[in-house]
Amino acid sequence: MKLVGIVGTNATASTNRQLLQYMQQHFTDQATIEIGEIAPLPAFNEPEDRAVPAEVQVLSDQIEAADGVIFATPEYDHSIPAALKSAIEWLSYTTRPLINKPVMIVGASNGSLGTSRAQTHLRQILEAPELKALVMPNVEYFLGHSLQAFDEAGNLTDADKAQELDADFMAFLAFIELTAKITPANKFVEKNQQFSWSQITDGRD
Amino acid sequence: MKFIGIVGTNAKKSYNRMLLKFMQDHFQDQAEIEILELTDVPLFNESDDQSQSPLIQSFNQKIMDADGVIIAAPEHNHSVPSALKSIIEWLSYKLHPLDGKPVMIVGASYSVQGSSRSQLHLRQILDAPGVNATVMPGSEFLLGRAQTAFDDQGALKVEGTVNFLDSCFMKFIKFAGIVAEMNVPDAVTYQPGTYEVTAVGHNGNLPMSVTLSDDRIEDIQIDTSTETKGIADVVFDRIPKEIIDGQTLAVDAISGASMTSNGVINGVAEAVKAAGANPDALKKRRAAQATAAQNITDITTDVVVVGAGGAGLTAAAQVLQSGRNVLVVEKFPAVGGNTVRAGGPMNAADPEWQNKFEAIPGEKHTLTEITQIDEATIAPEYLADFRALKAQITNYLKENEDQRGYLFDSTLLHRIQTYLGGKRTDLNGQPIYGQYDLVKELTDHALESVKWLEKIGVEFDQEQVTMPVGAIWRRGHKPLGDQGFAYIKGLQGFVTSHGGRIMTETAAEELTTTAAGKVDGLIAKGANNTKVIVHAKAVILASGGFAANTKMLQEYNTYWTSIDDDIKTTNSPAMTGDGIQLGTGVGADLVGMGFSQMMPVSDPETGELFTGVQVPPQNFVMVNQAGKRFVNEYGSRDELTQAAIDNGSLFYLIADDEIKKTAYNTTQAKLDAQVAAGTLFRADTLVDLAKQINMDPAALTETITNYNAYADAGEDPEFHKNAFDLKVEVAPFYATPRKPATHHTMGGLKIDTGAHVINTDGQVINGLYAAGEVAGGIHAGNRLGGNSLSDIFTFGRIAATSALNEEVTVPVK
Ligand SMILES: Cc1cc2nc3c(=O)[nH]c(=O)nc-3n(C[C@H](O)[C@H](O)[C@H](O)COP(=O)(O)OP(=O)(O)OC[C@H]3O[C@@H](n4cnc5c(N)ncnc54)[C@H](O)[C@@H]3O)c2cc1C
Ligand SMILES: Cc1cc2nc3c(=O)[nH]c(=O)nc-3n(C[C@H](O)[C@H](O)[C@H](O)COP(=O)(O)O)c2cc1C
C-alpha cells in the first residue's frame, strides 16, 4: 500500500510533521508513507490562466500516485491553517488529484482539545464538489498537548494514544480497500470535467 | 463612523469587492468605509514572522483605528479563502487588532445559497481566542448568483436586496456603538520597577528601560545609538511623551518612521507584560483627543517657506541673516526631507583645493574625450563655454604631459558636465538639456554655497575630495559627520537659534493672492486639525520633488516605457509634488516634467539601496527572471533601469562567496538575517539557487558558465561588459532580488536665475519663489550625483535674496 502524508503547515518545526514521521516508521510493514510538504507552494491567488505552479504539480503527482492520503493538520484560529487551505485551493483549481481518493485526517495541537474544529472544517472542505475526496467516516484522531507527546526517538509516549492510532490506521487501510471496490470506474470521466462554480450556476445548480 | 472593509479574496475579479464598493458608495452618508485588499498579504507562516512588516502593521493600525470591520467573504471549497484566513492569522498571532472589534460579515458567491458555509466557518474563526472579534449575530447578508446581481454601474439591481442590505447595515451601526461602550477599558496595575526591554528599530535593536509605578508608566529611556541620525529623532522625543501623557499604547506611528515608532510602542508593551499587566488593555485606551472645534492660527511674517528640507532651511537662514522674520511650514513631524537621506558630498569646482590632490588614472582620458566631442552636437548657448573649456583642458594636458599631474577642475568643466549629463531624448523624440542660464548660475555659485554653509556651522572634510555616485568627476565636498543629516543639523540649529520659527506637521495646501495676483501668504493644515493662515510678503516653495507620488510620475512620464503601479521609492513618503500643485494653482508653468531618475538596484519590497549583496559593478552579475543576463552591468543608471523594465522589472544580482566579500554595504549577520527572512537567497549550488527563485536551473548555470568564460577572456561578446574582476565559482552562491525604484524628479516649477516662479505667459509671479527639487530646468534628463545638494543650497540662498530685495526691504510703493 502506498500512501502520502501531507503536513498541514508551512512552519519549519511542526508536531504534525513529527506525527507523520512517527506513522511512517511505525507502519512501515503495512504501508509506505511518503511525506508531502506544502511549505514550498506559493500563496493561491486564482490566476486567470489556471497555470499549475511546479511545486503544486509535485504535490499533486504525489497524491495521484498514492492509494490514500493522510492529512495531519494543526488548528489555527479554530480552523485549518491558511497555508493548508491555500494548498487545497491550488489542487481544487488546477489538477484535482483528490477526486475519489481515500483520506484520513489526523491532527496534533498544543492545546488539550486537539484539533477537533480544524478537522471538522477540513472534512467539510474536502467534500466540496471540486475536491470530492472520500474522507473516512467515524474516525477522528486528535493528539493534544503535542509538544510533550513524543520522546527523543520520535515515538508516542502515551500508550493509549499509540494504540488508538494503530486501530485507526488499520481501519483506514480497510477503508482504502473497500473504496477501491465501490468507487466506480467513472473516476476518469469526472476528472476530465473541468469543474467550475460558474458552470454549476449556469445550468446544473 | 469609520469602518474598514476587507475584500476576502486576492483574486483579480471579485463580486465581493463589487459588493463592498457598492456599500462604500451607497452608505457614504452614514459611514466612511475604507476598503483594504489582500493582494499583497503574504501567506501566514509561523517560522517567518512578518507582523512588523509595513503591510501587516498597516492592517493592524487601520483596524485598531476603525469603529468596526466589514468582511466580504466568498466561499472557496466550502470554506473561507486562504488569503482571508491568512490575514486573520497574522492578526491573531503577535497582533490582535480584532480583539473586541465589531465585525459584520457579508458574502457574495455564484451559487444560490451564497456563501453560507464559508460564513459559518468565518464566524467560528473570528470567535477563536487569538482573534476574539465581536461578530454581529444574525443579519446574514448572503448574495447568491452574484454574477447577475449588479448593473453596469456596479449597483445592486434588485430593490429587495438593497433594502435588506440597508437594514443589516443600520443594525451594524447600532451594534458598533453598543460594542464600543462595552469596550471601555479596565483599570491596569503594574508590578512597580524598571524593566529592560529591546525595541526593534529601523537599523536593529534599541535597548530601552521602562519605569513603572503601581498604576502609571513613569519613564521611558531609549538607547538610540544605532539609528540613522535625523530620521527617527522625533520618534524618540514624541512617542514616549505621548505614551506617558496618555498612559496609553494607542499612539499613532509617526509618518516616515513607522517601523521605529512601532518598535518603541512594542518595547513598552513588553515591559507592561513583564510587569504583569495586559498591554492590550493599554492599546484600547484611546488618548483623549481634542477633536472639538477647528482652531485657527493666524500668523504674520516677512517670508514664509514651504518645506524644511535643505533648500527651505537654507532660504530661512538667509532671511534671518538679514535680520528679517521667517516662518517655515513643514508637512512632516521631522525636518530634513530627502536631504537627510542624501549620501553627503556636494559638487562645487574649487580648483585651488582640488589641485592639491593627484590625478588618478583615467581622468586625463575623460578630459581628452571631452575635447574630442563634435562641436556640432553642442547646443549653441553652451558653445563659447565649451571652447573655453577645451582651451583649459588642452593647456592642462600639455602642462602635465610627462607627469601624473594634479586633479583638474574648473567652473566651466562643472557646467559642461552638468549640461552633457542632463542631455536626454524622451520616448517622443523630444530632446532636453539643462537651461543655460540656470546651469551657469548653479556652477558659478556652488562654491560660495560651500563657504556659506561653513559659516552657518557645517564642517567639511578638507582631506578628501570625493566623487559621489553618478557624479562623473571628483569635486564632492563631504561634510563631516552624518552624511545628509550634517547639513540639516547645522541649518536647523542656525534657524532656531536665530529666532526662526519651524512649524512641523503643517502642510501648505493653498497659496493666497492679492487682487492684483501677487502671492501674499498661504493656508496650511496644522497638527490636530488646526487651520494655519499665514500672511507674508513673499512665499518660497521648497517642498521637494514628487518621486513618492507614483500616479503623478506616471501621468507626466515621457521617458520610461512604463512605471509599475507598485514601484517603490528611495525617497521620503512626503515627496508627493505638493509644491508643484501649489504653484500651478496660481498659474505657474512647468518644465521637464516627463523626466525622472530611477535607482535601478533597489530592494523590491522597500526601495532601499542597502540590502542584499551590493558590490562594485565589475563584480555585478545581473540576470533576469529567466536566469539570463540582459545588460552590460557597467551601464548608466538609465540603461540599467530601462533594461530592467524591459525584463519585467524584477531581476537578481548573483554573487558567490568571494564576490560577497567585496560588498560595501553589509555584514554576515545582516545577510544571514535576510536569508532567514526570505529577502535574500543563498544555496550551495547554482541549481539549488535557481530553484529557490523559480528560475530554470539550466539557464542560470549556462549564464554563469558563459560569464566566467568572458571574465577569463576579458571580453563579453554578448553585452560588452569591459571590466571584470571576480568569477562566480565559490559556494555558497547568493541571489539578491532587485527592482528599479523612483529616485529623483528633474522636472518642476519653471524658475529664472532669481528663483522667481514663472507663469504660463512667461511672466514672473510676484511674491512667489521656488528652490530645490520642486523647481525644474537645471538637471533636465538626468541629475548628476552630488549636483542636487549644490542646487538646493545655491538656489535656496538665491530665492531668499530675491525675496528680501524685492518684497521685504523695499518700502511699499
Ligand atoms: C536616498 C537618497 C540619496 C540621495 N543622495 C544624494 C547625493 O548623494 N547627492 C545629491 O546631490 N543628491 C542626493 N539625493 C537627492 C537630494 O537629496 C534631494 O534632491 C534634495 O535633498 C532635495 O532637497 P529639497 O530641499 O529640494 O527637498 P527636501 O530636502 O526633500 O525637503 C522638502 C521638504 O518639504 C516638505 N513638504 C513637502 N510638501 C509639503 C507641504 N505641502 N507643506 C509643507 N512642507 C512640505 C517635506 O516634508 C520635506 O521636509 C538623494 C536622494 C535620496 C532620496
Ligand atoms: C495563528 C495561530 C492560531 C492558533 N489557533 C489555535 C486554535 O484555534 N486552537 C488550537 O488548539 N491551537 C491553536 N494554535 C496553536 C497550535 O495548535 C499549535 O501551534 C500547534 O503546535 C500547531 O501544530 P504544529 O506543531 O504541527 O505546527 C494556533 C497557533 C497559531 C500560530
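A, B, ... follow the sequence lines: proteins, then strands. Residue 1 opens every chain.
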What is the distance from atom [atom1] of [X] to atom [atom2] of [Y], rounded to the nearest 0.5 Å?
X: A/His78; Y: B/Ile88; atom1: NE2; atom2: CD1; result: 12.5 Å
X: B/Leu43; Y: A/Phe44; atom1: CG; atom2: CZ; result: 12.0 Å
X: B/Asn45; Y: A/Thr12; atom1: CG; atom2: OG1; result: 7.0 Å
X: A/Gln124; Y: B/Asn77; atom1: CD; atom2: CG; result: 12.5 Å
X: A/Trp90; Y: B/Ser82; atom1: CH2; atom2: OG; result: 9.5 Å
X: B/His78; Y: A/Ile88; atom1: NE2; atom2: CD1; result: 13.0 Å

Would a distance-only check, ignoring hydrogens and angles, find a side-chain to backbone donor-acceptor pair under 3.5 Å from [X] to [Y]?
X: A/Asp77; Y: B/Ser92; result: no
X: B/Glu89; Y: A/Ala82; result: yes
X: A/Lys85; Y: B/Val80; result: yes

Heavy-atom distances under 4.5 Å only: say whether [X] touches chain A with side chain, backbone, both or neither.
X: B/Pro81; value: both
X: B/Ile87; value: neither
X: B/Asp48; value: neither
X: B/Thr9; value: side chain

Part of [X] within contact of chain B (heavy atom distance under 4.5 Å):
X: A/Pro40; result: neither
X: A/Ile80; result: backbone
X: A/Ile125; result: both

Other residues, nucleotides and ligands only: do more than 12 of their heavy atoms fall within 6.0 Å of [atom1] on [X]?
X: B/Lys628; atom1: NZ; value: no
X: A/Gln148; atom1: CD; value: yes
X: A/Asn138; atom1: CG; value: no

Note, B/Gln124 side chain near A/Ser79 side chain (heavy atom, < 4.5 Å):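 Contact flag for B/Gln124/A/Ser79 side chains = no.
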With a 6.0 Å cut-off on the ring centroids, do B/Tyr93 and A/Tyr76 count as close?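 No, the ring centres sit 6.0 Å or more apart.
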Which one of A/Pro42, A/Ala39, A/Ala83 has the most heavy-atom pairs closer than 4.5 Å to chain B?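 Of A/Pro42, A/Ala39, A/Ala83, A/Ala83 has the most heavy-atom pairs under 4.5 Å with chain B.
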Leading residue by heavy atom contact count with chain B [cutoff under 4.5 Å; candidates A/Glu55, A/Glu46, A/Glu48, A/Glu127]: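 Of A/Glu55, A/Glu46, A/Glu48, A/Glu127, A/Glu46 has the most heavy-atom pairs under 4.5 Å with chain B.
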